[in-house]
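Have a look at the structure below before the remarks.
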Amino acid sequence: RAKLEGRGRWCFYSADMVNRSARQLQLEAALRRAEERDELALVYQPQICLHSGRLVGMEALIRWKHPELGMISPAEFIPLAESSGQILSIGAWVMRTAVHQMKQWIDEGLPSNVVAVNLSAVQFRDPGLPELVQKVLDDAGLPPSCLELELTESVAAHNPAEAGQMMDRLHALGVRLSIDDFGTGFSSLSHLKRFPIHTLKIDQSFVRDISTDPDDRAIVQAIIQMARALRLTTIAEGVETDEQAAFLQSHGCEAAQGYRFCKPLPPEEAQAWVQIHTRPNSAPRELVLPATVKA
Ligand code: C2E
Ligand code: MG
Ligand code: MG
Ligand code: MG
């Protein structure tokens, strides 16, 4: 049949595309059973205050270990789960697991009580979301102030009025809202003053070259200044070096997460890292940053 359609057409159905969609179908089918087969897990990445060295929160990130294909990145399977609708049950599983984990950590004396959970735009548009959040918190006995929901700017792009109402409902429960990957979504800045947002997470694409690229430095400084003026806190994502951390610290960024401090780890390992590297009342040796930094 390829011959009938001519040579040019044949190129269009490249082996790569066929393989990719076969993989997508395979993953979609496997994902439907992943939860019951115990293939999903959460890892946690500590969020560190750049001024005190204290733990300010833990971000939960999903992992999927496929029995034959190994680890599948959330960047690959979350979009599939969104288009198939499975994101609602996976997202509920993530929230339950993360909230129960934080409750257990609080009982064990972890020096922060905030867990951050990523929300898909599909979850965010589900009218049942506030009830789900309330139920998960009630079941675990975790106060709402201990849960931070990470949204992306895209949630407001489609229908800002509806997005604002959902944020108000979530805010009314007492949970915190943060904007993930801030700066990548071209969202209207007027949303920032109207929506009940607590934290801006500075996207790692701006942090990566902060030591060398004057434009990235300018963008990051502007985000921090704007956040402060609007009384929002800032967390920088993807901080990998001392230099990046020092720049962020000296420009007033509140907190950071990234490989410089700790990569996302299974719960026991994340907890052990916190016990070794952070102290409730003093900046730990590991986290001491240069006192003065040239801008
Ligand atoms: P995100 O929420 O912006 O998470 C940050 C990503 O950067 C994570 O990738 C994390 O492992 C990675 N990262 C952390 N520190 C560093 C660093 O220093 N350098 C670099 N290069 N990367 C770092 P991950 O875990 O692969 O997650 C990718 C994205 O998938 C997340 O981006 C989030 O959008 C989505 N995701 C992850 N878990 C969930 C979930 O439970 N639900 C939903 N809806 N989305 C999720
Ligand atoms: Mg996130
Ligand atoms: Mg992010
Ligand atoms: Mg992201």
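Everything quoted here is computed from the prediction, not taken from an experiment. Heads up: numbering here begins at 1 and tracks the sequence. Remember, it's 1-based here, ligands and their atoms both numbered in the order they're listed.
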How long is the straight-line distance from [atom2] of [Y] back to [atom1] of [X], given to the nearest 0.5 Å?
| X | Y | atom1 | atom2 | answer |
| --- | --- | --- | --- | --- |
| Met102 | Asp107 | CE | CG | 11.0 Å |
| Ile210 | Gln244 | CD1 | CD | 6.5 Å |
| Leu230 | Leu189 | CG | CG | 8.5 Å |

Using a 4.0 Å heavy-atom cut-off, which part of [X] comes near ligand 1: side chain, backbone, both, or neither?
| X | answer |
| --- | --- |
| Pro264 | side chain |
| Lys201 | neither |
| Val239 | backbone |
| Thr152 | neither |
| Gln257 | neither |
| Arg63 | side chain |
| Gln45 | side chain |
| Asn118 | both |

Scan the side chains in residues 124-131 for donor-acceptor partners under 3.5 Å anywhere in the protein, sequence neighbours excluded, and list what turns up.
| unit_1 | atom_1 | unit_2 | atom_2 | d |
| --- | --- | --- | --- | --- |
| Asp126 | OD1 | Gly128 | N | 3.0 |
| Glu131 | OE2 | Arg169 | NH2 | 3.3 |

Under 3.5 Å side-chain donor-acceptor pair for Gln257 and Glu237: no

Quick one: do the Ser84 and Gln86 side chains pair a donor with an acceptor below 3.5 Å? yes

[X] heavy atoms, cut-off 4.0 Å: which ligand 1 atoms fall inside?
| X | result |
| --- | --- |
| Ser120 | 44 (N) |
| Val94 | 41 (O) |
| Glu240 | 17 (C), 18 (O), 19 (N), 20 (C), 21 (N) |
| Asp180 | 1 (P), 2 (O), 3 (O) |
| Gly258 | 15 (N), 18 (O) |

Specify whether an N/O/S atom of Asp180 falls short of 2.8 Å from the Mg ion (ligand 3). yes

Counting the benzene-type ring for Trp, do Trp273 and Tyr44 have ring centres under 6.0 Å apart? no

N/O to N/O below 3.5 Å, does that happen between Gln204 and ligand 1? yes

Among the N, O or S atoms of Asp181, the one nearest the Mg ion (ligand 3): OD1

Are any of the heavy atoms in Glu59 under 4.0 Å away from ligand 1? yes

Is Gly238 close enough to touch ligand 1? Criterion: a residue heavy atom under 4.0 Å from a ligand atom. yes

Quick check: does any side chain N or O of [X] sit under 3.5 Å from a backbone N or O of [Y], one acting as donor and the other as acceptor?
| X | Y | value |
| --- | --- | --- |
| His191 | Glu153 | no |
| Asp216 | Arg208 | no |
| Gln45 | Cys262 | yes |

How wide is the angle at the Mg ion (ligand 2) between OD1 in Asn118 and OE2 in Glu59, to the nearest 10°? 90°

Taken in chain and number order and not counting sequence neighbours, the residues that satisfy salt bridge (Lys or Arg N to Asp or Glu O under 4.0 Å) with Asp139 are Lys135

So between Leu61, Leu151, Val43, whose heavy atom ends up nearest atom 31 (C) of ligand 1? Leu61

For Arg228, does the CZ atom sit with more than 12 other heavy atoms under 6.0 Å from it, leaving out its own atoms? no

Taking 4.0 angstrom as the limit, do Glu76 and Arg23 come out as a salt bridge? yes

Output the atom name for the N/O/S atom of Glu150 with the smallest distance to the Mg ion (ligand 2). OE1

